[in-house]
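Note sheet for the following structure.
Computed from a predicted model, the values in this text were never measured in an experiment.
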Amino acid sequence: MAPNMSLFSVNAILILSTDDSSRILTKYYSPPHIPHGAQGNNYPGANPYPSLKDQKAFEKGLLEKTAKQTSDVILYDNRVVVFKMESDVMLYVVGGAEENEIMLYNVILALRDSLNILLKNSVDKRTLIENYDLASLCIDEIVDDGIILETDPVIIASRVSRPPMQDAPNMQGIDLSEEGLLKIYQFGKQKLGERLRQGL
C-alpha cells in the first residue's frame with residue numbers, strides 16, 4: 001500500500017460560464033487532516049489556491065486551455081483536470097497530479113448526469129443560477145471535503161430532490177378524530193393523576 005494513500009481525491013469542483021468566463025459555482029477542498037511534517041501547500045492534496053485572486057487566475061487559465069480541447073482529461077498547473085461541456089457552461093473536477101483519472105471522470109459524469117436529471121436536461125447558465133440550491137446540494141452529495149461519496153446519478157438526484165424519509169413523521173397509526181383525541185386526553189389525565197399521587 002502506498003504511503004500517500006488517502007480518501008481525499010478531489011481538489012475542486014468548478015462550474016464556469018463559457019460566455020463571459022464567470023464562475024457560476026465553485027468549491028475548493030483541502031484535506032481535513034494534513035499529515036505531521038507537511039506544511040500548508042507542500043502537501044500534495046492541499047489547496048494551492050487559497051485566495052480568491054489565485055482561484056480566479058486558475059479558472060481563467062483553465063477556461064482558455066480547455067476552450068479548444070477535444071479530450072476530456074488534461075494536466076494543467078500540475079493538476080489532473082477532467083471536464084465536460086454542457087450548453088454554455090463547463091463542468092470541471094480537479095484532482096492532484098497523482099490522482100486516478102478514471103475515478104475523477106466518474107465524478108464528472110455523475111455531476112453531469114445528476115444535473116441533467118434534476119434540471120430536466122436543461123443545464124445552462126441561467127437554469128443553474130435559478131436552481132443554485134439544487135446544484136450545490138448535488139455537488140455536496142457527490143463530494144464531501146474532497147472525499148468522493150457517491151457516483152450514481154439516480155441516487156444523487158433522489159437525495160437532492162426529496163427530503164429524507166426518517167424526518168417525516170409517521171401519521172398512519174394516529175387517530176385524529178374527536179373520539180381519538182378524547183382517548184388521548186383521558187390517557188394523559190390518568191397518567192398525570194398517577195404521578196401526582198406517587199409524589200404525595
Answer with yes or no whether the side chains of S17 and D20 bring together a donor and an acceptor at under 3.5 Å. yes

Are the side chains of N11 and Y29 in contact, using a 4.5 Å heavy-atom criterion? no

Requested in this report: Using only heavy-atom distances, determine whether the side chains of D54 and Y28 contain a donor-acceptor pair under 3.5 Å.
Outcome: no

Which of I142, L111, L115 passes side-chain contact (heavy atoms from CB on, under 4.5 Å) with I156? It is I142

Q) Would S136 and K27 satisfy side-chain contact (heavy atoms from CB on, under 4.5 Å), going step by step from the backbone distance to the final call? A) CA-CA 9 Å; S136 182; K27 293 196 178 208; 3.4 Å; yes

Inset, instruction - Could you verify whether a donor N or O on one side chain and an acceptor N or O on the other, from T66 and Y92, lie under 3.5 Å apart? - result: yes

Does V93 reach the side chain of V81, with side-chain heavy atoms less than 4.5 Å apart?
no

Report task. Evaluate salt bridge (Lys or Arg N to Asp or Glu O under 4.0 Å) for D88 paired with R126, printing each intermediate quantity in order. Result -> CA-CA 9 Å; D88 60 346; R126 182 174 180 220; over 6 Å; no

Would R112 and V107 count as a side-chain contact (heavy atoms from CB on, under 4.5 Å) here? Give the steps.
CA-CA 9 Å; R112 182 197 66 185; V107 172; over 6 Å; no

Take a 6.0 Å sphere around NZ of K56 and say whether it holds more than 12 heavy atoms from other residues, nucleotides or ligands.
no

* Asked: Under 4.5 Å between any side-chain heavy atoms of E99 and L104, yes or no?
  -> yes

Check: S114 side chain, A110 main-chain N or O, donor-acceptor pair, under 3.5 Å: yes

Item checked: Residue pair D72 / Y105, side-chain donor-acceptor N/O under 3.5 Å -> yes

Open item on the list: Test your reading of the model: is there a side-chain donor-acceptor pair from E150 to the backbone of D152, 3.5 Å cut-off?
Closed with: yes

Margin query: With heavy-atom distances below 4.5 Å as the criterion, would you say the side chains of L62 and I74 are in contact?
Written below: yes

Heavy-atom nearest pair, R79 first then G96, reads NH1-CA, 3.8 Å

Which is it for L134 and S161 under the side-chain contact (heavy atoms from CB on, under 4.5 Å) test, yes or no, and what are the steps along the way? CA-CA 8 Å; L134 289 177; S161 61; 5.6 Å; no

Decide side-chain contact (heavy atoms from CB on, under 4.5 Å) for T26 and I13; before the verdict, give the C-alpha distance in whole Å, the side-chain angles of both, and the deciding distance to 0.1 Å.
CA-CA 6 Å; T26 60; I13 294 183; over 6 Å; no

